[in-house]
Amino acid sequence: MDATILIIEDEKNINDILAFTFEKEGYKTLSAYDGITGVDMALKNNPNIVLLDINLPGMDGMDACKEIRKISNVPIIMLTAREDEVDKIVGLELGADDYITKPYSARELSARVKALLRRSEISASAQPKTENINTITSGDVVINIDRYEVKKNGQTVDITLREFELLKFLAVAPSQIFSREVLLENVWGYEYLGDMRTVDVTIRRLREKIEDDPSMPRYIMTKRSIGYYFNKI
Ligand code: CA
């Protein structure tokens, strides 16, 4: 695998260990030790995935995440030192694809990197086709499965890979209600340690992107105390 991982972490020994671990697994790595350099490298060096520490000198990881998201949908895993930071990340809706709390095992981090890369590879290899385009249409929303593209009112929606995967999962089975657990398992792709907020946050972001009024959704519906479903209009 020749995927490149950008590691943005100011503690040099941690950065070194992560680089060593991933290079041993066959990845290329890039290292940045502050937020501003990290954002710059994320945008210029075209990494396949970004590992982003929260506490960084200069620009912190949360702002760095927002900056990267303005221009790029590269998968981002936030590295957090404390549980309460997770609440902050989730609450701020930064657009990170995943987060992991220190201390984490190299094996767990590696599994998450692999899961995200697998999805982005599928996305990258999706060839534009002129026929047999696999689309799901509901109201003014068109989901193009082959192109990993969503259009709202004819306009392409800026959507992250994870948001797309979630929307696709719901939309291919309209009206079928999925619990958060099922969505985590199928969309996030590994045994997630029970943080259902991740699903809720991603649903909220999706609604902001495809609903006319996110507080009165017509496409991505909530079934109270059960889960979510896609409504085909
Ligand atoms: Ca740090």
Side-chain angles (χ1 to χ4, degrees), residues 69 72-77 89-99 111-112 114-233:
R69 270 292 166 268
S72 165
N73 279 332
V74 62
I76 299 175
I77 301 180
I89 302 170
V90 170
L92 286 172
E93 303 179 21
L94 300 170
D97 295 87
D98 201 355
Y99 52 83
R112 294 190 182 201
K114 277 199 193 100
L116 270 175
L117 282 174
R118 206 165 42 234
R119 284 174 168 65
S120 57
E121 272 161 22
I122 293 166
S123 153
S125 66
Q127 293 297 315
K129 290 173 188 167
T130 50
E131 49 187 345
N132 299 327
I133 291 172
N134 195 0
T135 60
I136 299 166
T137 304
S138 178
D140 59 8
V141 172
V142 180
I143 304 161
N144 187 317
I145 303 287
D146 295 330
R147 290 186 179 168
Y148 275 69
E149 187 182 76
V150 178
K151 286 192 172 178
K152 160 91 179 164
N153 263 331
Q155 299 285 312
T156 302
V157 177
D158 188 22
I159 195 167
T160 67
L161 195 54
R162 192 79 84 186
E163 289 160 5
F164 183 86
E165 292 283 351
L166 178 59
L167 180 61
K168 183 178 94 176
F169 188 83
L170 292 170
V172 293
S175 303
Q176 193 178 325
I177 301 162
F178 297 100
S179 68
R180 291 168 178 80
E181 288 87 346
V182 167
L183 293 173
L184 270 180
E185 211 175 299
N186 285 279
V187 176
W188 276 256
Y190 46 78
E191 292 298 321
Y192 213 85
L193 295 170
D195 196 338
M196 303 302 160
R197 287 169 301 182
T198 308
V199 176
D200 300 333
V201 167
T202 311
I203 290 277
R204 199 150 68 221
R205 283 207 311 265
L206 263 178
R207 281 177 174 157
E208 273 158 22
K209 293 178 180 186
I210 67 166
E211 300 285 356
D212 294 319
D213 178 357
S215 61
M216 300 273 288
R218 294 192 306 145
Y219 300 108
I220 303 170
M221 313 301 286
T222 302
K223 183 73 180 173
R224 193 181 289 268
S225 70
I226 300 180
Y228 297 102
Y229 64 97
F230 186 80
N231 188 30
K232 204 157 167 30
I233 296 169

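In what follows, residues are counted from 1 in the order of the sequence shown. Predicted model only: the values in this text are computed from it and were never measured.
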* To do: Assess whether side chain to side chain contact (heavy atoms under 4.5 Å, CB included) is satisfied between Tyr228 and Val199, documenting all intermediate values.
  => CA-CA 10 Å; Tyr228 297 102; Val199 176; 3.9 Å; yes
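- The heavy-atom pair separating Leu116 from Asp98 by the smallest distance is CD1-CB, 4.4 Å.
- In this structure, Asn144 and Lys151 have side chains that are not in contact, with every pair of non-hydrogen atoms separated by 4.5 Å or more.
- Looking at Lys152, Lys232, Arg218, Lys209 one by one, the single match for side-chain contact (heavy atoms from CB on, under 4.5 Å) with Val141 turns out to be Lys152.
- Using modelled atom types, one side-chain atom of Asn73 and one backbone atom of Ile159 make a donor-acceptor pair closer than 3.5 Å.
- For residues 197-223, the set of pairs meeting the ring-ring contact (aromatic ring centres under 6.0 Å, His included) definition, not counting sequence neighbours, is empty.
- With contacts defined as side-chain heavy-atom distances shorter than 4.5 Å, the pair Thr198/Arg162 does not qualify.
- Atoms CZ and CG, from Phe178 and Leu170 in turn, are 6.5 Å apart once rounded to the nearest 0.5 Å.
- The two atoms that bring Ser138 and Asn231 nearest to each other are OG-O, 3.0 Å, heavy atoms only.
- Shortest non-hydrogen contact noted between Arg205 and Ala96 is NH2-O, 4.2 Å.
- With rounding to the nearest 0.5 Å, the separation of CD1 in Ile143 from CG in Leu167 is 4.0 Å.
- In this structure, Ser72 has no side chain to side chain donor-acceptor pair (under 3.5 Å) partners at least two apart in sequence or on a different chain.
- Taking CD of Glu163 as the start and CD1 of Ile203 as the end, the distance is 10.5 Å to the nearest 0.5 Å.
- At least one side-chain heavy atom of Asp140 sits under 4.5 Å from a side-chain heavy atom of Asp212.
- The side-chain contact (heavy atoms from CB on, under 4.5 Å) check on Asn186 picks up Phe169, Val182, with sequence neighbours excluded.
- Taking 4.5 Å as the limit, every side-chain heavy atom of Trp188 sits out of range of all side-chain heavy atoms of Arg112.
- Taking CZ from Phe230 and CD1 from Ile177, the interatomic distance works out to 14.5 Å, rounded to the nearest 0.5 Å.
- Atom CD1 of residue Ile76 and atom CZ of residue Arg69 lie 4.0 Å apart, to the nearest 0.5 angstrom.
- Formation of a donor-acceptor pair under 3.5 Å by the Arg180 side chain with backbone atoms of Asp200 is not found in this model.
- Here the straight-line distance linking atom CZ of Arg197 with atom CG of Leu184 works out to 11.5 Å at 0.5 Å rounding.
- By the 4.5 Å heavy-atom criterion applied to side chains, Phe164 and Glu149 are not counted as neighbours.
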